[in-house]
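Convention: sequence-line order gives letters A, B, ...; per-chain numbering from 1.
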Protein chains: 2
Amino acid sequence: MPKPLIESKKKYHHGDLRGQLLEAVRQLIEISGPDGFSISEACRLAGVSTAAPYRHFADRTDILRGVVDLAMDRLQGAMQAASDAYPDDTIARVSAIGQAYIDFARHEPGVFRTMFGLTEGHGQDEDLLRKGQASLGVVRRAVAEHLGLAPETPEAGLKSYALWTFVHGHSFLVIDSKLETLEMPVPEDRLLDMVGRSILGPRAAG
Amino acid sequence: MPKPLIESKKKYHHGDLRGQLLEAVRQLIEISGPDGFSISEACRLAGVSTAAPYRHFADRTDILRGVVDLAMDRLQGAMQAASDAYPDDTIARVSAIGQAYIDFARHEPGVFRTMFGLTEGHGQDEDLLRKGQASLGVVRRAVAEHLGLAPETPEAGLKSYALWTFVHGHSFLVIDSKLETLEMPVPEDRLLDMVGRSILGPRAAG
DNA sequence: TACATATGTAAGCAACACTAACTTAGAAAG
DNA sequence: CTTTCTAAGTTAGTGTTGCTTACATATGTA
């Protein structure tokens with residue numbers, strides 16, 4: 001039994017098995033994607049037995065949901081922080097939010113893909129949907145303020161959706177690495193700026 | 001031996017096992033995603049033994065590549081057809097190409113996701129990359145003609161990329177079904193038209 | 001001490017990718 | 001028409017992996 005190696009640190013009651021398991025799964029997803037990871041592997045990584053997770057999660061899908069849930073919070077946090085960094089310039093603010101979104105995808109591509117490709121097992125999860133809407137809300141408020149409208153306005157909704165869509169698509173193309181070889185025509189910040197001005201600019205009304 | 005049921009139709013030499021296997025895999029991918037399908041299941045669906053595929057494909061990844069390859073052709077065909085349908089109105093042409101892209105994603109979401117998420121096993125495939133670029137070329141030519149520029153122009157590249165990105169992102173959001181419940185602010189054709197005009201419009205230069 | 005909670009051990013079992021060896025059918029050659 | 005060759009399929013495995021459960025064990029709390 002090669003157990004007593006770091007005896008002092010090994011407590012039976014792990015203390016944060018749930019948290020560390022989620023972290024392990026997150027790392028594995030980054031390597032092999034949402035379908036590639038296995039509970040066993042995550043347990044090995046976290047240093048616990050393969051049965052331990054079932055005290056904290058119902059099944060495989062439930063673990064994934066947990067990972068995505070945390071990721072949603074991180075994403076929204078990053079977007080909000082970017083938004084707060086530009087209290088004056090609304091165009092720059094919108095660009096910064098978009099850049100935060102893209103950076104998140106670039107930094108955690110596996111998780112990012114998981115967040116949106118999670119169709120199996122539970123279809124729509126109430127909680128996740130609400131968090132998705134919250135993220136979009138950050139964009140919406142910035143757009144609305146730029147246009148001098150209330151966030152609930154149809155025009156604010158339309159344009160923030162268009163911008164989100166653009167950023168979302170670019171993120172996917174970036175992480176799918178179609179861009180190293182495919183034509184990435186211009187520095188990213190200039191691209192963001194161009195699109196932002198096109199959609200939000202004075203004569204861009206729909 | 002319950003074999004002689006449809007004896008007349010069952011030939012030992014299948015004739016088009018490769019083709020039918022690809023079709024079976026395509027259907028399975030639509031249901032369970034690129035990682036969800038199994039060779040065994042595809043064989044069951046195609047009515048052949050589990051070893052048969054190995055005469056035609058090296059391994060699992062090779063089959064996937066085959067499916068994606070065909071899908072690329074279908075996608076480009078649809079885009080080109082949409083382009084050809086509007087010889088006069090260049091704005092309508094660009095919108096139609098985008099709509100064809102979105103329709104493809106909506107109609108074959110699993111395959112669509114597979115086409116772009118295929119990072120495992122072979123990273124970049126020369127052939128697939130070329131086909132991807134060809135699809136983008138359809139957009140690029142339409143955009144260039146609208147702007148009165150050559151397709152190789154940086155501006156044509158930038159704007160066609162921006163449009164592609166937008167359509168790509170919208171497609172993903174559609175197939176991830178974030179849109180039934182999330183805010184889809186306006187009919188799709190109006191959305192496309194608005195964005196097209198914003199990016200391509202006279203005062204949208206970057 | 002008694003009970004609840006958290007973790008480990010071990011095993012069931014199902015599925016799958018891939019291989020080896022054999023079989024069939026058609027085609028080419030004589 | 002027969003022989004022979006080869007491509008395409010089949011049967012029957014092998015080895016691996018993984019999810020999940022039943023039960024044992026350790027720890028915390030009242």
Where do N or O atoms of nucleotides 11-13 of chain C meet protein N or O atoms at under 3.5 Å, pair by pair?
none

Practice task
Output yes when B/D127 and B/R65 qualify as a salt bridge under the 4.0 Å nitrogen-oxygen rule, no when they do not.
Solution key: no
Practice task
Taking only Lys NZ, Arg NE, NH1 and NH2, and the carboxylate oxygens of Asp or Glu, determine whether A/E41 and A/R44 approach each other closer than 4.0 Å.
Solution key: no
Completion exercise
With the side chain defined as heavy atoms from C-beta on, B/A52 is closest, among C/dT19, D/dT10, C/dT7, to D/dT10
Practice task
Just compare C/dG8, D/dC19, C/dC18 and give me whichever is closest to any side-chain atom of B/R60.
Solution key: C/dC18
Handout entry: Sequence neighbours excluded - salt bridge (charged side-chain N to carboxylate O under 4.0 Å, His left out) pairs with any residue from residues 93-104 of chain A
Key = A/R93-A/E145
Practice task
Let me know, please, whether A/S40 or A/R55 comes out on the 5' side of the other along DNA chain D by nearest nucleotide.
Solution key: A/S40
Completion exercise
When B/Y54 and A/S49 are each assigned the nearest nucleotide of DNA chain C, the 5'-most assignment goes to A/S49
Integer-rounded Å distance: [N] [atom2] and [X] [atom1]:
X	N	atom1	atom2	value
A/F57	D/dC19	CZ	P	14 Å
B/I39	C/dA17	CD1	P	5 Å
A/D35	C/dA15	CG	C1'	15 Å

Practice task
Please work out if A/R44 contacts a base, only the sugar-phosphate, or nothing of the nucleic acid, heavy-atom cut-off 4.0 Å.
Solution key: sugar-phosphate
Exercise for the section: For residues A/V48 and A/Q20, determine if any side-chain heavy atom of one lies less than 4.5 Å from a side-chain heavy atom of the other. Expected result: no
Practice task
Return yes if some donor-acceptor pair links the side-chain N/O of B/E108 with the main-chain N/O of B/E30 below 3.5 Å, else return no.
Solution key: no
Exercise for the section: Would you tell me if any nitrogen or oxygen in the side chain of A/H56 comes within less than 4.0 Å of OP1 or OP2 on C/dT5? Expected result: no
Completion exercise
Contacts of B/F112 meeting ring-ring contact (aromatic ring centres under 6.0 Å, His included) (sequence neighbours excluded), chain-then-number -> B/Y101, B/F116, B/H168, B/F172
